Peer 1: 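The structure's right below; bear with me while I get my questions together.
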Amino acid sequence: MSEKPIPFWEESYQDDSVVTFSMQPNATVREFEHLLDRQARILEVGCGEGQNAIYLAQQGYSQVDAFDLSENGIAKLKRICAAGNVQLNAFVADLTTYSFEGSYDMIICFGTLHFVSKEHWKAFLTRAKEHTNIGGIHIMQIFTDVVPASDDIAPFAIGLAKDGEIKELYAGWEILQFKSYVFEDEHPNVPKHLHASNKIVARRIK
């Protein structure tokens, strides 16, 4: 029996001299953070090294939670926070079994949902919507099957969405932004490759 493959990010999460994805927050976080006050409760799902969560905490948001399945990723995030005196709550969790404690004003997730089955990410988003305050924002990004999964993630990308599929889950919410696009990407020791993606920003209105 062949060994289960290990994703490339697990190695780079253990190397503090390497940036696995980006040191900068996602541009969409910057674009929509003005909708929140500094007391807003924020959750990042699949945070990895935590560039989004760290950025928000640095902007003065005092209730930032962030989780990832990777113990190496959370350990690295905690090291970065300690070095920069950044205060946030980072922990290891699995989105397929995650149980919400209270409600949030913003829930964000980038490049993570497609790594669980479609059944699981849809169930998670249903729970996340239920645990979002009225007026709260979701920023969700998921890879789609418009182009095949690249070699670096193909063994793990078991839940690629159909184009526009994630938008259907936000019926009854105000859609502030929806984008369908293909982009070029690269990571440490991984050649340039393409991903197809959907990104949605939605606000709970009732």
Side-chain angles (χ1 to χ4, degrees), residues 21-22 24-37 40-48 50-53 55-56 59 61 64-68 95-96 98 100 103-150 152-154 156-187 192-206:
F21 295 106
S22 174
Q24 300 301 317
N26 190 282
T28 310
V29 172
R30 285 179 162 169
E31 184 177 356
F32 288 95
E33 65 167 296
H34 70 278
L35 298 176
L36 304 177
D37 60 44
R41 192 172 183 216
I42 300 170
L43 173 66
E44 180 168 21
V45 179
C47 61
Q51 68 268 26
N52 296 303
Y55 167 78
L56 290 165
Q59 301 312 300
Y61 294 97
V64 178
D65 295 336
F67 76 78
D68 197 282
L95 72 84
T96 66
Y98 180 67
F100 282 85
S103 294
Y104 287 90
D105 300 294
M106 176 180 276
I107 302 177
I108 62 177
C109 183
F110 297 97
T112 296
L113 295 173
H114 44 266
F115 291 128
V116 302
S117 71
K118 189 173 294 189
E119 176 185 7
H120 277 125
W121 65 252
K122 286 188 174 184
F124 172 78
L125 289 182
T126 298
R127 298 196 307 277
K129 288 165 61 183
E130 293 170 349
H131 289 86
T132 301
N133 295 321
I134 303 298
I137 304 295
H138 280 196
I139 305 176
M140 299 290 168
Q141 184 251 339
I142 189 170
F143 290 171
T144 72
D145 61 5
V146 170
V147 299
S150 56
D152 60 316
I153 67 166
F156 316 106
I158 61 175
L160 294 177
K162 297 292 183 183
D163 191 45
E165 188 171 16
I166 194 170
K167 188 177 182 180
E168 298 170 1
L169 297 182
Y170 285 91
W173 285 44
E174 179 185 7
I175 307 301
L176 302 178
Q177 183 183 96
F178 178 76
K179 293 183 177 181
S180 175
Y181 55 99
V182 175
F183 68 98
E184 187 176 68
D185 201 9
E186 61 180 324
H187 313 292
K192 289 184 178 180
H193 51 277
L194 296 177
H195 296 302
S197 179
N198 281 177
K199 183 186 293 182
I200 189 166
V201 184
R203 175 161 49 194
R204 185 175 181 179
I205 56 177
K206 61 181 179 179

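Given the structure is predicted, the values throughout are model-derived calculations rather than measurements.
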Peer 1: Would you indicate whether the side-chain heavy atoms of Val45 and Leu113 approach each other to under 4.5 Å?
Peer 2: no
Peer 1: Could you check whether the rings of Phe67 and Phe124 sit parallel, tilted or perpendicular, using 30° and 60° as the cut-offs?
Peer 2: perpendicular
Peer 1: Just by distance, with hydrogens left out, do Thr144 and Lys162 show a side-chain donor and acceptor under 3.5 Å apart?
Peer 2: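 No, no side-chain donor-acceptor pair sits under 3.5 Å.
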Peer 1: Is Asn133 reaching over with its side chain to a backbone N or O of Gly136, donor-acceptor style, under 3.5 angstrom?
Peer 2: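 No; judged by distance alone, with no hydrogens or angles, the pair does not exist.
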Peer 1: Per the side-chain contact (heavy atoms from CB on, under 4.5 Å) rule, which among Val201, Ile200, Ile139 passes with Gln177?
Peer 2: Val201
Peer 1: Ring-plane angle category for His34 and Phe32, please: parallel below 30°, perpendicular beyond 60°, tilted otherwise.
Peer 2: parallel
Peer 1: Charged N to carboxylate O below 4.0 Å: is that the case for Lys122 and Glu165?
Peer 2: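 Result for this pair is yes, salt bridge flagged.
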Peer 1: side-chain hydrogen bond (donor to acceptor under 3.5 Å, both in side chains) with Asp163: which residues, sequence neighbours excluded?
Peer 2: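 Here the qualifying residues are Ser180, Asn198.
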Peer 1: Only pairs at least two apart or in different chains count here, so list each salt bridge (charged side-chain N to carboxylate O under 4.0 Å, His left out) that has a residue in residues 124-135.
Peer 2: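 Of all non-adjacent pairs touching residues 124-135, none passes salt bridge (charged side-chain N to carboxylate O under 4.0 Å, His left out).
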Peer 1: Regarding Asn52 and Asn26, is there a side-chain donor-to-acceptor distance under 3.5 Å anywhere?
Peer 2: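 No pair is found: no donor N or O on one side chain lies under 3.5 Å from an acceptor on the other.
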Peer 1: Looking at residues at least two apart in the chain, or sitting in another chain, which of them share a ring pair (Phe, Tyr, Trp, His ring centres under 6.0 Å) with Tyr104?
Peer 2: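 Per chain and number, Tyr104 pairs via ring pair (Phe, Tyr, Trp, His ring centres under 6.0 Å) with no residue.
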Peer 1: Can you tell me if Glu33 and Tyr55 form a side-chain donor-acceptor pair at under 3.5 Å?
Peer 2: yes
Peer 1: For the residue pair His138 and Tyr170, categorise the inter-ring angle as parallel (less than 30°), tilted (30 to 60°) or perpendicular (more than 60°).
Peer 2: perpendicular
